[in-house]
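Some notes on the structure that comes next.
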Amino acid sequence: MSQQELSLSEQEQIRREKRSQLQEMGINPYPPQFNQSHYSVEVLENPDLVRAEESDTSPLVSIAGRIMARRIMGKAAFFHIQDSKGVIQVYIRRDDVGVEIYNTVFKKLVDIGDIVGIRGFVFKTRTGEVTVHAEHFELLTKTLRPLPTPKEVENEQGEKITYDAFSDKELRYRQRYVDLIVNPEVKQTFIKRTKLVQSMRNFMNDHGYLEVETPILQPVYGGASARPFVTHHNTLDMDLYLRIANELYLKRLIVGGFDGVYEFSKDFRNEGLSRFHNPEFTQVELYVAYKDYEWMMAFTEQMIEKVALELHGSTQVPVGKHLIEFKAPWPRIPMFEAILEHTGHDLSGKNLSELQAIAKELHIEIDDSFGIGKIIDEIFGTFVEPKLIQPTFITDYPVEMSPLTKKHRSKEGLVERFECICNGKEIANAYTELNDPVDQRERLEAQASLRAGGDDEAMAVDEDFLRALEFGMPPTAGIGIGIDRLSMIMTNSESIRDVLFFPQMKPE
RNA sequence: GAACCGGUAGCUCAGUCGGUAGAGCAACUGCCUUUUAAGCCGUGGGUCGUGGGUUCGAGUCCCACCCGGUUCACCA
């Protein structure tokens with residue numbers, strides 16, 4: 001016996017024996033294919049298929065799916081099978097399918113969780129449930145592990161009550177395949193996520209922007225403040241970084257003459273995990289030539305309004321205790337005004353020591369390494385961000401926080417940047433892009449000296465990126481939108497793990 | 001990294017004051033030809049997260065560790 005067989009549960013051993021018995025009977029427990037004529041919902045929604053009397057002639061239907069529940073009553077039985085679209089009941093009788101198929105195969109050797117194919121006619125039971133009366137029954141896949149078996153029932157108020165739900169979050173994340181089988185709302189969440197991406201892609205394509213792909217393995221990482229993952233290329237014998245952002249490559253493409261480019265990209269940041277953070281996450285970055293951040297705000301609110309409409313049929317989306325209204329336009333509030341409103345302190349024009357004093361007064365913990373930008377960010381993150389539930393553009397950030405952003409056209413010390421805050425969290429970050437190569441070099445070199453001073457999240461100097469800017473990048477607006485976080489909002493999910501099929505877990 | 005909560009049968013969970021390990025569903029036997037958390041009779045199934053300690057005796061008390069969840073810190 002192998003190690004695995006020794007550790008099998010009783011139920012797993014029994015299922016393996018059933019598999020062998022089927023093979024001994026000459027029945028392949030894993031046949032190669034089955035011809036479906038209908039999905040479950042197509043049968044349920046088509047009254048023309050239903051036979052009022054058995055003598056009627058309506059077309060036979062062939063359906064396939066996984067057995068989710070079974071009620072055997074001697075020589076006849078009901079069971080439910082679940083396919084990719086839903087669940088439907090099947091009625092099977094010994095006298096219709098034969099003694100061997102019914103008594104031996106169906107009753108003894110088939111279990112809940114097995115995948116089967118059915119052919120039969122459609123009728124309504126006494127209680128009115130549309131059901132397929134099987135004339136042919138075929139095992140399509142023998143299952144070797146017992147499926148968790150939640151039961152759902154409607155009470156007198158029509159509310160659904162679930163018994164024995166598969167609810168262990170760790171198991172649900174680790175065995176997402178099981179979660180998807182037994183918790184139907186999980187599938188809906190991921191379908192919504194895909195629709196969200198499709199909706200954004202269509203919106204950008206309709207504007208004529210080009211979807212592109214740029215390197216994930218990068219010799220110099222940049223475009224964000226974050227610690228990277230490091231890997232190694234053997235033949236070149238060089239370390240490479242998994243990208244933390246794709247900004248610098250997309251801007252090279254604007255230099256190259258594309259007017260609008262976007263990429264849905266997995267980015268990787270070697271930082272902590274939380275219900276808002278996974279080491280790999282998805283954002284879409286978009287860069288559009290000859291536009292500025294004002295234009296990008298209008299574009300963003302229109303795009304996300306459309307996403308909400310396509311996902312919910314409404315611009316209003318329920319999230320937790322709130323109803324979030326995505327109808328454009330959204331409020332635009334300069335960062336210092338927002339801080340003034342929520343703390344009573346006007347930070348504009350304040351120097352480092354004045355900011356340290358205000359931080360102390362507000363009980364914000366800071367240390368000597370914090371620069372002007374970081375202190376302001378802390379105050380904003382503590383007192384303003386959590387209060388912004390409805391989508392809001394916060395504009396005009398301090399230059400210290402934004403090494404890739406063009407200086408504000410009229411406000412000293414600020415840059416033309418906005419973040420979109422929704423449900424108390426940043427979901428997008430955008431700039432009028434810095435395209436002055438001299439200014440850009442100075443700012444990256446300032447970052448590099450922070451880095452030399454021990455700030456391992458500060459950016460490196462990317463000489464090739466600077467060379468590209470020296471060839472001239474037109475005025476450009478750019479944005480990054482967090483797909484996972486937007487998905488959380490649009491699916492009313494509390495954790496990023498609920499919108500990732502396979503969230504990062506510790507090893508089993 | 002810290003705090004709190006949790007880990008008992010395949011699933012969901014009980015387990016009192018420390019005294020032979022429990023239920024429902026699932027599985028197995030049998031009955032049952034329109035059931036629907038189907039029903040009825042019976043049966044099997046446990047490294048009580050892991051390791052140590054206290055005790056005549058530990059699922060229960062103590063210590064350490066592992067795993068998870070939540071909150072906090074860092075971050076998007």
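All values derive from a computational prediction rather than experimental measurement. The sequence lines fix the lettering, A, B, ..., with proteins before strands; numbering per chain opens at 1. These numbers come from the heavy atoms of this one structure, side chains and all, not from hydrogens, waters or symmetry mates.
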Write down the distance separating the [atom1] atoms in [N] and [M], rounded off to the nearest Å.
N: B:U70; M: B:A58; atom1: P; answer: 36 Å
N: B:G46; M: B:G10; atom1: P; answer: 8 Å
N: B:G49; M: B:A37; atom1: P; answer: 34 Å
N: B:G51; M: B:A38; atom1: C1'; answer: 47 Å
N: B:G18; M: B:A26; atom1: P; answer: 36 Å
N: B:C4; M: B:G42; atom1: C1'; answer: 46 Å
N: B:U20; M: B:G59; atom1: P; answer: 10 Å
N: B:G39; M: B:G6; atom1: C1'; answer: 37 Å

Euclidean distance, atom [atom1] of residue [X] to atom [atom2] of [N] [Å, nearest integer]:
X: A:Asp498; N: B:G68; atom1: CG; atom2: P; value: 16 Å
X: A:Glu170; N: B:C11; atom1: CD; atom2: P; value: 12 Å
X: A:Glu10; N: B:G46; atom1: CD; atom2: P; value: 8 Å
X: A:Gln13; N: B:G44; atom1: CD; atom2: C1'; value: 12 Å
X: A:Arg145; N: B:G45; atom1: CZ; atom2: P; value: 21 Å
X: A:Tyr173; N: B:G68; atom1: OH; atom2: P; value: 13 Å
X: A:Ile496; N: B:C74; atom1: CD1; atom2: C1'; value: 15 Å
X: A:Lys107; N: B:A27; atom1: NZ; atom2: C1'; value: 16 Å

Could you identify the nucleotide paired to [N], looking across every strand shown and requiring Watson-Crick or G-U wobble geometry with both distances under 3.5 Å?
N: B:G18; result: none
N: B:C5; result: B:G68
N: B:C74; result: none
N: B:A38; result: none

Is [X] near enough to [N] that one of its side-chain N or O atoms lies under 4.0 angstrom from OP1 or OP2?
X: A:Lys18; N: B:C28; result: yes
X: A:Arg174; N: B:G68; result: yes
X: A:Arg126; N: B:U35; result: yes
X: A:Lys108; N: B:G30; result: yes
X: A:Arg275; N: B:U71; result: yes
X: A:Arg71; N: B:U35; result: no

Is it true that [X] and [Y] have a side-chain N and a carboxylate O under 4.0 angstrom from each other?
X: A:Arg145; Y: A:Glu12; answer: yes
X: A:Glu45; Y: A:Lys85; answer: no
X: A:Lys406; Y: A:Glu416; answer: no
X: A:Lys374; Y: A:Asp377; answer: no

Contact nearer the 5' end of RNA chain B, comparing A:Arg227 with A:Phe166: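 Result of the comparison: A:Phe166.
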Most 5' of A:Tyr91 and A:Pro146 on RNA chain B, judged by nearest nucleotide: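 Upstream on the strand: A:Pro146.
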Given [options], identify the nucleotide with an atom nearest to the side chain of [X].
X: A:Pro148; options: B:C32, B:C11, B:G45; value: B:C11
X: A:Thr125; options: B:G10, B:U35, B:U70; value: B:U35
X: A:Gln11; options: B:U34, B:A27, B:A76; value: B:A27
X: A:Ile14; options: B:A38, B:C28, B:U12; value: B:C28

Determine the contact category for [X]: base if any of its heavy atoms lies under 4.0 Å from a base atom, sugar-phosphate if only primed atoms, P, OP1 or OP2 are that close, otherwise nothing.
X: A:Glu378; value: sugar-phosphate
X: A:Asp484; value: nothing
X: A:Ile427; value: nothing
X: A:Asp377; value: nothing

Taking all non-hydrogen atoms of both residues into account, name the closest pair between [X] and [Y] and its distance.
X: A:Val499; Y: A:Ser493; value: CG1-OG, 3.7 Å
X: A:Tyr293; Y: A:Phe418; value: O-CE2, 3.4 Å
X: A:Gln283; Y: A:Gly482; value: CB-CA, 4.2 Å

Pi stacking test for A:Phe276 and B:A76: under 5.5 Å apart, planes under 30°: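 Base of B:A76: not stacked against A:Phe276.
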A:Phe106 and A:Phe79 aromatic ring geometry - parallel, tilted or perpendicular at 30°/60° bounds: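 A:Phe79 and A:Phe106: tilted rings.
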Side-chain donor/acceptor of A:Glu129 to base of B:U34, under 3.5 Å: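 Answer no: no donor N or O sits under 3.5 Å from an acceptor.
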